[in-house]
Amino acid sequence: MKNGMNFFKKGKWLFLILIALLLLPNFLKDEPYVLHVCIIVFVYVSLAQAWNLIGGYAGQISFVNHTFFAIGAYTSTMLLIYLNLTPWIGLFVGMAIAGCVAYVLGFQILHLKGHYFAVATIAFAEIVKLLFLNWRGVGAAYGLSLPLKMPSFYYLMWSSKLPYYYIFLLVAIISTILIYTIDKSKAGMYFRSIKQDEDGAKHKGIDTRYYKLLAFVISAWICALVGTLYAQYILYICPRSCMDIMISTKCILIVLFGGLGTVAGPVLGAVILIPLAEYTRIKLGGGGQGWDYIIYGLIILVIVLYQPQGVYSILRRCKKNVQKMLRS
Amino acid sequence: MYSYYIRGKLKKNVIQVNDGDVKMKKEWKRISFFLMTIMLASTLSGCIGEKEETPAPTTPAPVEDIKIGCIWPLTGDLAAYGAANKRALELAVEIINNKYPDLNLPLAASEGLPNLGGAKIKLIWGDSRGTPEEGRSAAEYLIINEEVVALLGCYQSAVTETASLPAETYGVPFLNPDSSSPTLTERGYKWFWRCTPKAIDWTRNALEFYTDINEKFDANLHTYGIFNEDTLWGVESGDWLEYWADEFGFEVIERVQYPHETPDLSAEVLRMKQANPDLVHIAGYISDSILYVKTMKENNWLPKMVMSGEMIQMSDFLDALGDDGNYFCLTILFPQDLVTTKALTVKLNEMMDERYGKTFDDPSARAFTGLFVLADAINRAGSTDPAKINAAFAETNIPGEKMILPWAAIQFDEKHQLKAGGYVIQQIQDGEYYTVWPWELATRDIIWPMPSWDER
Amino acid sequence: MDLVYLILQVIINGILIGGVYALIAVGLSLIWGVMEIVNFAHGDYLMAAAFFSFIFWSYMGLDPLISLPLVVVIFLFIGFGTQKFVMKRLIDSPTLITIAATFALSLIIRYGFFVVFKPDYRVIRDPLLQGSLHISSISIPIAKMVTLLIAIITMILLFSFLKYTKKGRAIRATAQDREVAKSLGVNVEQIFLITWGLGIACVGIAGAMLSTFYYVFPLMGVTFVLIAFASVTLGGFGSVHGAIFGGLAIGLIQQFGGTFVSPALKDVFVFGVFILVLIFKPKGFFGKY
Amino acid sequence: MLLEVKDIHASYGKFEILKGVTLNVDEGEIVCMIGPNGAGKSTVFRTIFGFLKPLKGEVIFKGESIGNMPTHEIIKKGVSYIFQRDSVFPNMTVMENMKMGAYIRDDKEQIQKDIEVLCKMFPIIKERKNEMAKNLSGGQRQMLEMARGLLLHPDLFLLDEPTAGLAPKVQKLTFKKIKEINENGITIMIVEQNARLALKHSDRAYVLENGKTIMEGSGVEILNNPRVIQAYLGGKK
């Protein structure tokens, strides 16, 4: 009964937040910059959730998520440019291709342990980036500028940020719910046991290879989905910007900051870190210095050294203490 | 999707809470229905509303302060350029906002902009970090939150490309003083102006120069080699060099595309040495150019001439290489020696030196010029209304003597591109930069061909 | 230049640059092998060492070759400090936590130098080591040759230390089985301290030597660190000869690919070979020590 | 009394493994500890050896409490521990492994002499001294581990399942060696899966169940205890 009440309360909170998020743009019509930051936050919520699945739950440190992101962006853009195909189809084609690449890559390297897997993914991501930089067919270093179409739902193109806001919000919510569902499902349990002790999980009869691949592919799907939409939003993609390893790294830092292997972690991390980065960039970066990066580094270091479970666990502890206080 | 999630949770709840479960269910249903309606309505209003809406013009800033947004890479691996431009622009603001009657620059004699009641220019800085997205979000921030009247920037073509998007959307003039990608002005943007030659121009100038050399020295130059980095700028430069080489009857026998800031360039140089062209062009940033010179020396190989972009004029190049940097050529917009005869530039250089201990270099001179072009346009517009400023841009005509750069005049063509204004070619001799081409502007005779490493 | 000379030249280039990679990799490999920590800040320590050399040169007029012992000692202590103040708390943490910690360190070091020294390109002009040896049409740059020499000396010293001294044996023992080493009375914390000290001192040597022929720039570490990762994994982490093998192999692959196929794709060959090795020989070519 | 363990409690994370273990060992004895899997036998050793800090209770060695000492201090007091799992350093030569055994000692000459003595006791070490330890067979590794442990000059030798995974013949040999070591005045404590063999060779024994000592007696007594026979000796005497 009590549990139920807690759930009820939590649900209500989420609902209120959702209302706020839905209504927020009405107050921000004249503040596209804030909208832009919101959109970037949503992008990183989704990407960080994707990373959370493979890294936070299944425990495989992947530095290749930005490649899937780029595959999504490139596929839909190429289809739009050459076949004039709506990004709605491109989106699924991109997801399919990213899924295939993830499957093949994962099949080959997911048996590698810990650092080896991490370094292998870095190498793969670098290879793809270098190939794209030299592949004239996909614009090489020129990148691809999306053809400006009439603003429409069909071409997923608008001149205002508002529709993008809702779309990215939707994607962020979908990915969070997806992770929540996985978290509560049997697969989530398997992922966690793989992360804790892979050999043990194998002994218990869990098909570790299958589940790791599953996490990898789903993670790639989410990244590709966000990639397509991001390309539609930013209207220009090039290997140096959307195959930058910093995208994956940022996801990792966000998840770590928020809380590894929790549903709320990536959301919290993105909501705090992305605006913080924007803020420091504007307030400190303008001085021609690198202070913002230093602050970023210090925050991560402090989190890692003193609170490796992330901010989410601090919040939970605070909540417990408050409840205790209220009770007494 | 979301309401499904909530309801799923509620079901659990409902099973456990016996009292009033029907009531609660109903209530939630109503709330979720209500929310759905709001969501739909606001989405629709957003989508429909934006179609009718023309981009809202930003409200003009108070007359006292004319805010100009500046976007350059202030951090990241190109921050050196950003820092140099920042210094130059601060000096330009100082000159515009205060009385400097002895300087023959537009707006120097008056305090502020006379047609706007002496309004002062204020620079608001945005950091592009050298990445297109950051450049774009910086532009957005500057337009919306800082309500800048116009934008200046962004050095790298890729960044300029994305940063000019919001300017186009919101109808804010964007003046680009230093990106050379030709596509920028081919996009047909209404609010985008560029007061610098395109990449196509300097590649053509370089080939013209070699044609002249062939005539003058009967040098019989024919083969051409290109090093270009794998960035947008590098690839584009390489492509244009190849195009013009072909046009002028040179043969590109080796084109080496290399990864930007790679740890080692031996393979690249060895390949070029193997092909052994008469002429080599380096289209790369300064770090790579330094490494190229060092690696060529290690390999004891030089073609008849090596030319590079204007970035090797940055003081880092000779600081790094010393005498080894001698005899290299560069295409440049702002040859310092040429304008030492010009009292204006001498004076400005002194001011710069006094303030920051640095001198003008090419990017900073271009950014400096850009701000004057912009201020001049705003002044002639007599208002901060973007449309009027845009109109004033079209009529820009700043004569050569009122500029730090050695061009005939600044005027824009119908594509918003600088009309006249080409590159000159400099050669490094005795650790100094001397203009050697066009012949009539030369301050020293060219040393041709460049002496090999053994002969130095 | 005929093909034989060309191939010889490419081999020489590959070995010379491979020596630098090996020197960078060996420190990384040591830390990786003993503590199972991948030091993402390795490239930034390299940059810092190059900057120290530059500072000694520009303020005291000491050539990098002369200030080398100083830099090594400084970096030994920087290594101790890193272990004592940061990594000590993370010894049994999951991989991800250590990656994040070293990445944070990397940001702090990189942009710390960025703030202090501004993003200018610096080169040590007229060092003791310059010019090239020319043997018929083959040229061997002296600075790189001496770097290779010092790399070899460093590695022989390191190898002998690990092989023939008591502390060295303890380091190897700790790398192979931390708990058993502990049960024999090895003070593991002290071993970690020494490991970090040595690992960072190695990269200190690499940085100092690099400054004689490469430009010094706050972001230069990024370019080297990926190559170093590949070298270490190729050779098998935690072994000195593995790092040497990895470094040289990568140097050669890079030079051959770059010269004979395409310079733009030279790193594709490096990473491609590296992934293939990982797939077919996941522990690299050499085991731990 | 050499070692006294008084009611220790210890846990890994949240799981409490030891819930009150009391035992004592006299000088010169061979004491054996038997019990089912997961009873906490190895944990007792790990706690004595300082890998695990007891939550409650005391460990007294030679009249001194060692419960909170770091491992390398405990070793200096004269305790040596051999792991249940394979614990040679695989990529070191046999001789290097031996030298690691003398890591905390500084008397070079004495170490050399000791190694020679041990070589006589375990001839295999001398035979294969320059071979990598990973190339040894299971029994040879067991000998190497014991020899290495003895280099610490222990007063108390903790052996965690010394015969696990070895052929019956080698198991017997191992116990012969254990006896031999004991005859040199070294007190030995054994945890053993092969209860019958172990009890035969020990002076006294303890039975551990669910993290508690439930029985104590001489080796023969325990061997004849009907409950022990039922539970650990397969019902046969």
Side-chain angles (χ1 to χ4, degrees), chain B residues 73-84 227-230 234-235 254-274 276 285-291 293-295 297-301 311 314-325 453-454, chain C residues 1 3 6 9-10 12-14 16-18 20-21 24 111 114-115 118-126 130-134 137-144 210 213-220 222-224 226-228 251 254-268:
Chain B
L74 299 172
T75 53
D77 43 358
L78 295 174
Y81 298 96
F227 287 119
N228 72 268
E229 58 173 32
D230 60 356
V235 175
E254 182 67 273
R255 178 170 172 192
V256 173
Q257 185 164 321
Y258 67 94
H260 172 48
E261 295 214 320
T262 176
D264 176 66
L265 290 169
S266 319
E268 285 80 353
V269 170
L270 200 55
R271 240 177 117 96
M272 195 58 89
K273 185 181 178 184
Q274 204 55 22
N276 202 15
Y285 283 114
I286 182 168
S287 50
D288 297 324
S289 299
I290 292 172
L291 207 53
V293 176
K294 288 187 143 241
T295 314
K297 188 179 178 188
E298 279 170 8
N299 278 290
N300 195 26
W301 173 75
M311 55 279 305
M314 290 188 69
S315 50
D316 297 15
F317 185 75
L318 280 186
D319 281 353
L321 291 167
D323 291 343
D324 288 346
W453 297 113
D454 299 334
Chain C
M1 211 199 286
L3 195 64
L6 181 66
Q9 178 76 62
V10 174
I12 287 170
N13 286 349
L16 289 176
I17 194 74
V20 180
Y21 294 157
I24 301 169
Y111 287 96
F114 190 92
V115 166
K118 306 281 176 279
D120 296 330
Y121 296 96
R122 296 174 165 84
V123 170
I124 294 177
R125 222 199 291 169
D126 299 325
Q130 51 178 342
S132 305
L133 281 180
H134 298 288
S137 61
I138 292 172
S139 48
I140 308 170
I142 288 170
K144 283 183 187 168
L210 206 59
F213 60 88
Y214 198 73
Y215 52 83
V216 181
F217 180 62
L219 308 182
M220 70 190 263
V222 191
T223 10
F224 286 94
L226 281 183
I227 302 268
Q254 209 183 31
Q255 293 302 321
F256 270 96
T259 313
F260 293 107
V261 189
S262 161
L265 298 178
K266 62 183 182 185
D267 291 340
V268 173

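Just so it is clear: chains get the letters A, B, ... in the order the sequence lines come, proteins before strands, and each one is counted from 1. The basis for the numbers below is simple: all heavy atoms, side chains too, and nothing from hydrogens, waters or symmetry mates.
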Participant: Looking at C/R122 and B/D319, would you say the former's side chain and the latter's main chain have a donor-acceptor pair under 3.5 Å?
Facilitator: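 Flag not set: sc C/R122 to bb B/D319 has no pair under 3.5 Å.
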Participant: Once rounded to the nearest 0.5 Å, what's the spacing between atom CG of C/L3 and atom CD of B/Q274?
Facilitator: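 C/L3 atom CG to B/Q274 atom CD measures 8.0 Å (nearest 0.5 Å).
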Participant: Under 6.0 Å from the CG atom of B/N276, do we count more than 12 heavy atoms belonging to anything else shown?
Facilitator: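 Yes, enclosed.
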Participant: Quick one: of C/P263, C/S139, C/P141, who has the most non-hydrogen atom pairs under 4.5 Å with chain B?
Facilitator: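 Among the listed options, the one with the most contacts to chain B is C/P263.
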Participant: Do B/L270 and C/Q255 come close enough that some side-chain heavy atom pair is under 4.5 Å?
Facilitator: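 No, every pair of side-chain atoms sits at 4.5 Å or beyond.
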Participant: Go through B/G322, B/A83, B/A267, B/P259 and name the one with the most non-hydrogen pairs under 4.5 angstrom from chain C.
Facilitator: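 Answer, by heavy-atom pair count under 4.5 Å with chain C: B/A267.
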Participant: Can you list everything that forms a ring-ring contact (aromatic ring centres under 6.0 Å, His included) with C/F213? Sequence neighbours excluded, please.
Facilitator: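 If we apply the ring-ring contact (aromatic ring centres under 6.0 Å, His included) test to C/F213, skipping adjacent residues, there are no hits.
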Participant: So C/K144 and B/S266, do their side chains get closer than 4.5 Å, heavy atoms only?
Facilitator: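 B/S266 reaches C/K144 side chain to side chain.
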Participant: Which distance, rounded to the nearest 0.5 Å, do you find between the CG of B/N299 and the CD1 of C/I138?
Facilitator: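 The CD1 atom of C/I138 is 11.0 Å from CG of B/N299, to the nearest 0.5 Å.
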Participant: To the nearest 0.5 Å, tell me how far C/N13 CG sits from B/D264 CG.
Facilitator: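 So the gap between those two atoms works out to 7.0 Å.
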Participant: Return the set of residues passing ring-ring contact (aromatic ring centres under 6.0 Å, His included) with C/F224 (not counting sequence neighbours), or none when no residue passes.
Facilitator: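 Residues passing ring-ring contact (aromatic ring centres under 6.0 Å, His included) with C/F224: C/Y214.
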Participant: Side-chain contact, heavy-atom cut-off 4.5 Å: C/Y215 with B/D288?
Facilitator: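 Answer yes - side chains close enough.
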Participant: Just verifying a value: how many Å separate C/K266 NZ and B/E268 CD, rounded to the nearest 0.5 Å?
Facilitator: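 Reported value, rounded in 0.5 Å steps: 3.5 Å.
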Participant: Which atoms of B/N300 come close to chain C, meaning under 4.5 Å heavy atom to heavy atom: side chain ones, backbone ones, both, or neither?
Facilitator: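 For B/N300, backbone and side chain are both near chain C.
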Participant: Quick check on B/T262 against chain C: is it the side chain, the backbone, both or neither that has a heavy atom closer than 4.5 Å?
Facilitator: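 Both parts, backbone and side chain.
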Participant: If we only count heavy atoms from C-beta on, is the B/R271 to C/L6 side-chain gap below 4.5 Å?
Facilitator: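 The answer is no; the side chains never approach within 4.5 Å.
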Participant: Please flag which part of C/Y21 lies under 4.5 Å from any non-hydrogen atom of chain B: side chain, backbone, both or neither.
Facilitator: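 For C/Y21, the contact with chain B is made by the side chain alone.
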Participant: Is C/V268 in contact with chain B via its backbone, its side chain, both, or neither, using a 4.5 Å heavy-atom distance?
Facilitator: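 Contact with chain B involves no heavy atom of C/V268 at all.
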Participant: What is the minimum heavy-atom distance between C/V123 and B/K294, and which atoms define it?
Facilitator: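 The pair with the smallest heavy-atom distance is CG1-CE, 3.7 Å.
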Participant: Side chains of C/I142 and B/E298: does their closest heavy-atom pair fall under 4.5 Å?
Facilitator: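 C/I142 does not reach B/E298 side chain to side chain.
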Participant: Quick check: do B/K297 and C/S132 have side-chain heavy atoms less than 4.5 Å from each other?
Facilitator: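 Result no, sub-4.5 Å side-chain heavy-atom pair not found.
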Participant: Of the listed residues (B/D324, B/I290, B/L291), which shares the most heavy-atom pairs with chain C below a 4.5 Å separation?
Facilitator: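 Ranked by contacts with chain C, first place is B/L291.
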